Every structure is written in C-alpha cells, then in structure tokens.
Amino acid sequence: MEPSGPGDPGRIGPYAVLGRLDAWVGGDLTAGGPPAAVRAAGHRFVARSRDGDRTVILTTPPAGTDPDRFRAEAEAARRLFGPWTAVVDEVGTTAATSEGTPGGDPAPWYTTPYVPSLPLPAALAAHGGPLPERTVRALGTALAEALAAVHTTGAAHAGVSPASVLLTSDGPRLTGYGAVRAATPPGPDGTGPVGLAPGTVPPEQLAGARPEPPGDVFALGAVLACAATGHTVPERDELPEGLRALVSACLARDPAHRPSVRRLLDELPGTAPGFGPPPVMDGPPEATVVDGGPSRAGTLLAPGWLPARVVAALVGQSAAVLAAEPAEPAEPASPPAPPHPHPSPSPHRGPS
C-alpha cells in the first residue's frame with residue numbers, strides 16, 4: 001500500500017481511504033525505464049468502512065474514461081464468479097471527499113474484498129527482477145482458468161494487463177473487467193486505451209475491432225511476458241526457453257494463430273524448475289475447472305509458489321493496512337467571535 005498523495009480523496013462513499021494500492025512504475029517494470037502508463041485502468045485505494053468492520057479495494061475510473069460505461073462494466077463484473085477472479089461486491093456513485101469537503105462531480109466506484117495483494121508490477125519490483133518460471137506457469141494457468149470462466153458467458157474480459165493482476169499468497173486475482181470497453185480510444189502514444197500497459201491491447205482492437213476472446217489470449221501472453229522478463233514487449237530470446245513458443249504464440253498478430261484457452265490449460269502447467277512432473281489430473285483430459293474438471297492451477301499454487309521477497313512484501317502490506325488509520329476530516333473553521341461590546345461609560349454624576 002502506498003500513502004495517499006496530494007489531491008487523493010479522504011473518503012469515497014461510506015469508506016475512509018487508507019492509501020493507494022498502486023504506485024507509478026517505469027516502463028521497464030523492474031528496472032525503472034522511461035516513464036509509461038503502466039497502471040491499473042482505474043484508481044485503486046485500500047479503504048475501510050465507517051464501523052471498521054470491512055476493508056476493501058475501492059476502484060474509481062481514471063481521467064478520460066466514460067463514467068457511465070465504467071459503471072456498466074462494474075455492474076456486469078458483479079455476475080462473474082469464476083476461479084481467480086476478484087469478486088465485485090458493491091458498486092456506487094458518489095462524490096469523493098477530501099478533508100471533509102465535497103470533491104467535485106459524483107463518480108462511480110466499485111469494491112472488491114481486500115486481501116493482502118500486490119499488482120504484478122509491484123511484485124516484480126519486490127522480487128527485484130523477473131519471476132521464476134514455476135511462478136509464471138502457475139500464474140498463467142490460474143489466469144487461463146479465470147478467462148475460461150469469463151468466455152463461457154459469451155464475453156471477453158477486455159482488461160487483462162500486468163496491473164490488473166493481483167498476486168496473493170494463495171493465487172492471483174484478475175481485476176479490470178471491461179477496461180478496454182470503458183476506455184477512450186488509443187492514447188497519444190498509440191499504445192492502447194488509457195491506463196493499459198503498452199503491448200497488452202491486441203492489434204485488432206487498436207484497429208477498432210470489438211474485444212473478443214482471442215484478444216484476451218494476446219493480453220495474457222503480454223502479462224506472462226511481463227512476469228518472465230520484466231516488460232510486456234520482449235524479444236523472443238528474452239523469454240525462458242520452456243515458455244518461449246507458447247507465449248510467442250499468444251502474441252501472434254493474427255488472432256487465428258493464437259492458442260485456445262484450453263490449449264493454454266494443457267501446456268502451461270508443464271514441467272518447470274521446482275515443480276517436478278506435471279500435476280496428475282483426474283477425469284477426461286479436455287475437462288477444465290469451468291466444466292467440472294479439476295483445477296490445473298490449484299495444484300500449482302501450493303505454498304512456495306511465490307518467491308520469498310514477494311511473500312515478505314505481502315506480509316508488510318498486511319501489517320501496514322492493519323495499523324493504518326484514516327485521515328481525520330478537517331474540522332470546519334469556526335467563525336470569528338463577534339467583538340465583545342465595551343460597556344458605555346456611566347454618565348458622570350456630581351455630588352448631590
């Protein structure tokens with residue numbers, strides 16, 4: 001969790017803001033390259049309810065996003081209950097307040113339950129470089145299961161990017177549903193809609209096509225490239241040898257040449273250093289967790305799936321959130337007291 005910055009709200013709806021979940025990260029997500037828009041497609045805060053019983057991650061739209069569309073996508077996300085997907089449990093519209101003062105026009109927001117979590121760029125920074133191949137394979141398998149659940153509804157996720165992936169101790173949580181649909185057209189650098197990392201939006205969507213499931217596969221490839229190399233548009237030789245062919249296929253410019261999510265679920269678990277043999281699956285080999293088959297990710301996300309420094313960062317965040325106190329709203333200044341009237345001098349009386 002990052003401290004709130006100047007201009008950040010002190011309260012949003014019924015929640016007091018404790019700090020930001022995200023921080024600015026350079027274009028090279030682990031080594032601080034040129035500044036680039038590598039942020040979530042939204043402003044994410046850690047916030048607490050008035051009674052202190054509930055802590056949430058609260059997301060508001062970034063500048064340039066259609067607020068009505070943002071709210072519509074948030075409402076749609078409430079119906080997603082697939083594995084490894086962050087559950088949207090509350091959607092609201094209200095003006096943020098800062099220091100007890102109304103903060104402008106009402107804006108939409110939504111919440112997901114708080115668990116100690118790091119956006120993927122922050123996890124790379126905590127680890128000090130690209131993640132181990134076993135971690136990348138576990139991450140990719142879980143995200144493929146999350147996308148399989150979304151695709152069974154007939155929709156595309158349209159918001160997969162490094163910052164939309166939160167890493168927790170028991171697996172990732174995918175956020176940002178519908179970010180591309182809610183965002184404005186490509187930004188001035190031509191890299192994609194507002195708030196999404198360069199290289200994560202597939203070419204067909206940059207050309208104006210509507211989001212489709214193969215576009216999610218492209219974005220997932222960019223996320224895995226980021227996790228494995230530190231950036232979303234690596235050279236092929238930078239990718240680990242065991243992942244090179246599959247990630248490169250995800251990043252194919254032609255959607256027809258990208259692998260299906262089912263193929264990803266079959267190949268991502270693989271064999272990686274520290275994993276041993278691929279997990280043994282019961283039931284028909286084509287079954288996935290979505291249609292009653294076993295979770296391929298569940299076996300891979302056992303304790304130890306995250307590097308020690310990332311685990312330490314999660315522990316530190318948890319302690320910081322527990323200790324955080326929301327900023328007290330500034331008390332309105334009292335009007336100055338009226339001047340105390342001086343008593344009129346008594347008329348002089350001479351001797352009687």
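Fair warning: this is a prediction, and the values are worked out from it, not measured in the lab. Heavy atoms only: backbone and side chains are in, while hydrogens, waters and symmetry mates are out.
Every residue two or more places apart in sequence or in another chain was checked for a salt bridge (Lys or Arg N to Asp or Glu O under 4.0 Å) with Arg309, and none qualifies.
Residues Tyr110 and Glu73 bring no donor and acceptor atom of their side chains to less than 3.5 Å of each other. Neither side chain, Thr141 nor Arg296, offers a donor N or O lying under 3.5 Å from an acceptor on the other. If you check the side chains of Arg173 and Ser117, you find no donor sitting under 3.5 Å from an acceptor. Side chain to side chain, Arg79 and Thr153 fail the donor-acceptor criterion of an N or O pair below 3.5 Å.
In this structure, Leu224 and Leu243 have side chains that are not in contact, with every pair of non-hydrogen atoms separated by 4.5 Å or more.
Remark: the backbone N or O of Glu2 is not paired with any side-chain donor or acceptor of Arg20 at under 3.5 angstrom. Judged by distance alone, the side chain of Thr111 and the main-chain N or O of Val56 form no donor-acceptor pair under 3.5 Å. Distance alone, capped at 3.5 Å, places no donor-acceptor pair between the Arg134 side chain and the Leu300 backbone. Between the side chain of Thr55 and the backbone N or O of Tyr114 there is no donor-acceptor pair closer than 3.5 Å.
Atoms OG1 and CG, on Thr175 and Leu166 in that order, are 5.0 Å from each other to the nearest 0.5 Å. The distance from the NE2 atom of His151 to the CG atom of Asp216 is 3.5 Å, given to the nearest 0.5 Å. Distance CH2/Trp109 to OH/Tyr15: 5.5 Å, rounded to 0.5 Å. The CG atom of Leu118 sits 6.5 Å away from the CG atom of Leu167 when rounded to the nearest 0.5 Å.
For the side-chain contact (heavy atoms from CB on, under 4.5 Å) criterion with Pro259, the lone passing option out of Leu220, Leu264, Leu268, Val247 is Leu264.
Using a cutoff of 4.0 Å between basic side-chain nitrogens and carboxylate oxygens, Glu75 and Arg78 are scored as salt-bridged.
Among pairs with a residue in residues 250-260, those fulfilling side chain to side chain donor-acceptor pair (under 3.5 Å) read Glu204-Arg258, at least two apart in sequence or across chains.
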